Amino acid sequence: MSSNFKRNVSIRGNQEFLDIKVKEPLQVAAGALGVKEALRHGFKEMGVVRSMKALLEMNQPEGFSCPSCAWPDPEKPSKMAEYCENGAKALADEATTSHIGADFFKKHSVEDLSMLTEYELNKFGRIVEPLVLREGSIHYEPITWEEANLLMAEEFRKLESPDEAIFYTSGRSSNEAAFLYGMFARALGTNNMPDCSNMCHESSGVALGETLGIGKGSIKLEDLYEAEVVIVAGQNPGTNHPRMLSALEKCKQNGGKVISINPLKESGLVNFKNPQHLSGWVGSGQDIADIHLPVRINQDIALIKLILIRLAALDAHSEDVFDHQFIASYVDGYETLIQDLKSHDEKALLAQCGVSKEKIDVVVALLAKKSKIVVCWAMGLTQHKNGVENIREYINLLLLKGAIGKPNAGTCPVRGHSNVQGDRSVGIMHFVNEELNQRIEKYLGFVPPAKEGYDVVEAMKAMYEHKAKVFMCLGGNFLMAASDTEYTAKAIQNCSLTIQISTKLNRTHLVTGKKALLLPTFGRSEKDLKKGKLRHITVENSMGQVRQSRGLLQPASEYIKSEPDIIAEMAHVFFEGKHSMDWKSLGENYELIREKIDLVVKGFNDTEKRSKGAGYYLPNNVRELDFSKLPNGKAQITINKVPQHRLKSDEYMLMTIRSHDQFNTTIYGLDDRYRGIYNGRRIVFMHPEDMKAVQLSKFDVVNITSSYDDIVRTAFQFKIIPYDIPRGDIAAYFPETNVLVPHNHFADRSKTPISKSIKVTLTKV
């Protein structure tokens with residue numbers, strides 16, 4: 001077969017419209033309807049008995065952690081149900097009884113499969129045997145694990161430099177698998193370890209590290225219960241982290257106030273019916289947000305600066321608005337900030353943020369009297385050119401109020417995938433940590449590379465420019481998660497070998513290198529048995545707590561392997577058993593992996609015992625008010641510029657969002673019932689007055705176009721839906737609109753893509 005052979009695969013799939021229905025957005029989240037939907041998905045995918053068996057053990061102390069988001073479990077979880085609707089959907093998705101293997105791929109070529117949507121691809125079910133897509137072929141075919149390991153070893157040995165290999169990690173992995181994966185990359189000789197955090201919360205890590213000295217949040221779950229004010233900024237907990245609503249409910253019942261800051265008014269922050277309580281079934285539910293500030297897209301800095309100016313004016317008269325004792329003891333940069341605030345025009349900030357003066361007055365009056373304040377945020381703050389600065393401005397507010405390092409106050413970056421924070425903790429990072437390298441050399445017996453590796457942006461560029469030849473993914477759907485889909489697809493296709501460790505089919509399995517391996521692995525809910533012994537893994541939640549997770553369902557197939565097994569066997573074959581790490585033994589015995597983690601990774605200690613039950617918290621300097629590693633040994637107040645987007649007359653600011661029937665790039669269904677959308681995803685939310693100004697009507701079809709650096713990118717065929725969104729702003733679902741995000745435009749310092757603030761135009765079809 002000619003080396004110029006190229007598969008005719010689609011990166012966009014089917015773009016035909018279904019019969020989209022639109023209703024009024026719901027004003028209540030969860031409740032009986034949420035339970036009904038959770039059970040419907042479970043029973044359909046797993047059957048009644050299998051569903052109930054698994055649901056009753058999910059997020060329980062002796063059970064398994066939810067495969068969806070990283071929201072922490074309460075110290076004493078509900079015995080009846082400690083999961084949300086989307087967690088139940090994630091479980092049903094991974095534990096489905098629908099399976100595909102060699103026979104399926106013999107019938108269906110990658111070219112034909114690529115014409116389907118993400119939803120259709122996901123619905124085929126679990127992959128149940130290892131598969132290979134050989135050079136010049138359009139069909140996956142079976143391969144033994146032994147042959148797969150030899151193929152990988154051969155390709156790694158062909159590399160002229162270890163830096164021609166890239167090791168991507170998604171957030172679904174365990175601490176044990178991620179640790180082995182990161183150590184194999186380093187043992188090979190590269191720090192090319194991009195991970196999903198680069199695309200989502202890297203801005204949080206950078207901002208928190210610069211200001212507070214640790215790239216993690218500072219609160220624990222219980223801190224939310226007694227907080228006086230919780231600010232939820234750039235986040236939609238009702239869809240993305242529904243169990244957070246239970247914590248906000250407790251906060252409200254204890255007299256706390258909730259402020260929502262987001263361009264869209266989301267149902268979960270309007271009213272919540274907790275299905276764990278009788279009132280969640282027959283009562284009126286709990287109103288959540290006391291006030292909603294509909295900030296324009298990426299104008300949080302303008303809004304918070306205006307609030308700080310108003311608070312500073314009050315403090316100048318009374319000196320009891322800001323915590324001056326806390327500032328003097330722990331904070332650096334106060335006077336500089338006060339001078340900066342004086343340089344801004346309040347009317348200009350008010351116009352720029354788009355929030356009414358009356359609403360801001362209410363918020364200022366509330367914050368002036370409170371000190372137990374928590375700020376929660378997600379990608380609505382991080383995925384902008386100034387994502388790091390967005391977060392730093394909110395941290396300024398907390399520092400001025402002394403709302404750091406004490407109970408019921410602090411930072412709460414709400415992580416996405418279930419172990420994305422744990423992956424980073426145990427060593428998945430492209431940058432060099434000298435202390436970690438020293439411990440690797442001391443305790444693992446090899447010298448790790450001292451050269452910084454590729455993050456996601458650099459990995460895409462390296463593959464595009466033929467500087468990388470082997471691309472391996474530990475979970476995830478890299479093609480659809482990354483920005484600039486066309487560019488990313490070409491980059492992946494330039495590789496000689498792509499390797500995917502996965503549970504279910506996705507588009508990255510179809511848009512591949514010249515050769516591709518598809519290696520099936522366990523889901524979180526499945527029994528991991530080795531030589532008759534039931535093994536468990538550990539994960540770290542959004543608040544730095546490490547706990548065990550042990551599956552209980554029968555695996556989808558006898559031919560699938562655990563992630564640690566897959567990685568350890570690959571390393572054993574590559575090194576031919578001649579390496580300082582005993583890879584084979586580590587793959588067989590996870591207790592040995594945890595012993596190594598305790599030795600090598602800062603903060604982990606006696607994990608085998610301490611991770612039982614509720615688990616244990618990793619060290620957090622902010623909780624101890626220890627800022628000794630920062631300049632002057634203090635937390636850092638920062639000066640952050642107000643962004644100036646300067647849209648042209650025909651441009652809109654687009655933010656990409658999730659529907660209620662998806663988690664990250666996994667599409668469970670075609671409804672977004674909280675926003676009133678049914679049976680479709682190719683839609684654009686737009687303010688009715690903006691529609692009227694350009695003579696667009698409901699259900700008109702448009703193409704969405706972005707133009708950066710003279711490169712035109714277009715997302716085709718979207719229907720216009722009138723919605724309550726700030727004028728000049730529009731919203732649409734990802735991954736369908738990721739094609740519009742330029743690969744070379746990202747947040748300063750964190751390189752997180754600008755997926756929440758893309759300048760676009762609309763063209764009626």
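The basis for the numbers below is simple: all heavy atoms, side chains too, and nothing from hydrogens, waters or symmetry mates. Given the structure is predicted, the values throughout are model-derived calculations rather than measurements.
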Minimum side-chain heavy-atom gap Asn664-Arg658 below 4.5 Å: yes
message: Could you check whether any side-chain heavy atom of His645 comes within less than 4.5 Å of a side-chain heavy atom of Ile297, counting everything from C-beta outward?
response: no
task: Report yes or no: is the cationic atom of Lys250 (NZ for Lys, CZ for Arg) under 6.0 Å from the centre of the six-membered ring of Tyr225, at an angle within 45° of the ring normal?
output: yes
- request: Start with the C-alpha distance between Met379 and Asn240, add both sets of side-chain angles, then the distance that settles side-chain contact (heavy atoms from CB on, under 4.5 Å), and finish with yes or no.
  value: CA-CA 11 Å; Met379 271 83 82; Asn240 300 331; over 6 Å; no
field: Cation-pi geometry met for Arg673 and Tyr678 (6.0 Å, 45°)
entry: no
- prompt: Where do Thr211 and Ala207 come nearest, in terms of heavy atoms and distance?
  reply: OG1-O, 2.8 Å
message: Are Leu269 and His292 packed together at the side-chain level, in the sense that at least one heavy-atom pair is separated by less than 4.5 angstrom?
response: no
message: Assess, by modelled atom type and distance only, whether the side chains of Asn236 and Tyr674 contain a donor and an acceptor separated by less than 3.5 Å.
response: no
- request: Calculate, to the nearest 0.5 Å, the distance between atoms CZ and CD belonging to Arg296 and Gln299 respectively.
  value: 6.0 Å
- prompt: Roughly how far apart are Cys84 SG and Trp71 CH2, rounded to 0.5 Å?
  reply: 11.5 Å
query: Minimum heavy-atom separation for Gly728 to Leu647, with atom names?
result: O-CD1, 4.4 Å
query: For Gly238 and Leu245, which heavy atoms make the closest approach, and how far apart are they?
result: CA-CD1, 3.9 Å
message: Can a donor-acceptor pair be found, under 3.5 Å and without considering hydrogens, that links the side chain of Asp290 to the backbone of Val258?
response: yes
task: Could you tell me whether Glu228 and Lys369 make a salt bridge, using a distance below 4.0 angstrom between a side-chain N and a carboxylate O?
output: no
Heavy-atom neighbours of Asp724 CG exceed 12 at 6.0 Å: no
message: Looking at Asp650, is its backbone amide N or carbonyl O close enough to the side chain of Thr761 to form a donor-acceptor pair, meaning the two atoms are under 3.5 Å apart?
response: no
task: Applying side chain to side chain contact (heavy atoms under 4.5 Å, CB included) between Leu762 and each of Asp700, Asn703, Ile720, report the one that passes.
output: Ile720
Interatomic spacing from OG in Ser706 to CG in Leu654 - rounded to 0.5 Å: 9.0 Å
message: So, taking the atom named OH in Tyr733 and the one named CZ in Phe685, what distance separates them when rounded to the nearest 0.5 Å?
response: 3.5 Å
field: Main-chain N/O of Met199 paired to Gln383 side chain as donor or acceptor, under 3.5 Å
entry: yes
query: Less than 4.0 Å between a side-chain N and a carboxylate O, is that true for Asp661 and Arg681?
result: no
message: Under 3.5 Å, is there a donor on one side chain and an acceptor on the other for Asp455 and Asn198?
response: no
message: Quick check against the 3.5 Å criterion: does Gln662 have a side-chain atom that pairs as donor or acceptor with the backbone of Phe734?
response: yes
query: Heavy-atom count around Lys359 NZ within 6.0 Å, excluding the residue itself: above 12?
result: yes
- prompt: Are side-chain N/O atoms of Thr382 and Ser203 paired as donor and acceptor at under 3.5 Å?
  reply: no
Check ion pair Arg675-Glu266 (N to O, under 4.0 angstrom): yes
- prompt: Counting heavy atoms not belonging to Gln253, are there more than 12 under 6.0 Å from its CD?
  reply: yes
query: Thinking salt bridges, do Asp287 and Lys252 make one under a 4.0 Å N-O criterion?
result: no
- prompt: Are the side chains of Lys385 and His745 in touch, meaning some heavy atoms are under 4.5 Å apart?
  reply: no
Worked verdict on Lys21 versus Asp671 for salt bridge (charged side-chain N to carboxylate O under 4.0 Å, His left out): CA-CA 9 Å; Lys21 305 290 185 183; Asp671 296 343; over 6 Å; no
query: When rounded to the nearest 0.5 angstrom, what distance separates CD in Gln235 from CG in Leu381?
result: 9.0 Å
- request: Determine whether Arg727 and Asp690 make a side-chain contact, defined as any pair of heavy atoms from C-beta on separated by less than 4.5 Å.
  value: yes
task: Using modelled atom types only, decide if a donor and an acceptor are shared between the side chain of Asn86 and the backbone of Thr239 within a distance under 3.5 Å.
output: yes
task: Using atom types as modelled and distance alone, determine if a side-chain donor or acceptor of Thr488 lies under 3.5 Å from a backbone N or O of Ser483.
output: yes
query: Got a second to check how far Asp195's CG is from Cys200's SG, nearest 0.5 Å?
result: 9.0 Å
message: Does this structure show an ion pair linking Arg424 with Glu202, if we count only N-O contacts that are shorter than 4.0 Å?
response: yes
- prompt: Do Leu311 and Leu400 come close enough that some side-chain heavy atom pair is under 4.5 Å?
  reply: no
- request: Could you tell me how the ring of Tyr334 sits relative to the ring of His324: parallel (under 30°), tilted (30 to 60°) or perpendicular (over 60°)?
  value: perpendicular
message: Would you say that more than 12 heavy atoms from the other residues, nucleotides or ligands in this model lie under 6.0 Å from the CD of Gln644, or not?
response: yes
message: If we ignore hydrogens and angles and just use 3.5 Å, is the side chain of Asn396 paired with the main-chain N or O of Thr638 as donor and acceptor?
response: yes
task: In plain terms, say whether Glu389 and Arg749 are close enough for a salt bridge, that is, a side-chain N and a carboxylate O under 4.0 Å apart.
output: yes
Worked check of side chain to side chain donor-acceptor pair (under 3.5 Å) between Thr411 and Ser218: CA-CA 5 Å; Thr411 56; Ser218 65; 3.3 Å; yes
- prompt: Can you check whether Leu26's main-chain N or O pairs, donor with acceptor, with Ser267's side chain at less than 3.5 Å?
  reply: yes
Worked check of side-chain contact (heavy atoms from CB on, under 4.5 Å) between Val739 and Glu486: CA-CA 6 Å; Val739 68; Glu486 297 273 2; 3.9 Å; yes
- request: Identify the heavy atoms of Ala731 and Ile657 that sit nearest to each other, and give their distance.
  value: CB-CD1, 4.0 Å
- prompt: In terms of side-chain heavy atoms, does Ser318 have a donor or acceptor partner in Asp320 at a distance below 3.5 Å?
  reply: yes
message: Testing the basics here: between Gly87 and Ser68, what is the closest heavy-atom pair and its distance to 0.1 Å?
response: CA-CB, 4.2 Å
query: Are any side-chain N or O atoms of Tyr708 and backbone N or O atoms of Lys759, one a donor and one an acceptor, separated by less than 3.5 Å?
result: yes
query: Can you find a pair of side-chain heavy atoms, one from Pro294 and one from Lys265, that are under 4.5 Å apart?
result: no
query: Tell me, do His201 and Arg415 make a side-chain contact under 4.5 Å, heavy atoms counted?
result: yes
- prompt: Is it true that the NZ or CZ of Lys719 lies under 6.0 Å from the centre of Phe699's six-membered ring and within 45 degrees of the ring axis?
  reply: yes
Asn621 to Leu212 - nearest heavy-atom pair and separation: ND2-O, 2.9 Å
Under 3.5 Å donor-acceptor, Lys216 side chain and Asn620 backbone: no
- prompt: Where do Met543 and Ile219 land on the side-chain contact (heavy atoms from CB on, under 4.5 Å) test, with the steps shown first?
  reply: CA-CA 7 Å; Met543 296 176 182; Ile219 72 162; 3.9 Å; yes
message: With no hydrogens and no angle check, just 3.5 Å: does a side-chain donor-acceptor pair link Asn386 and Asn640?
response: no
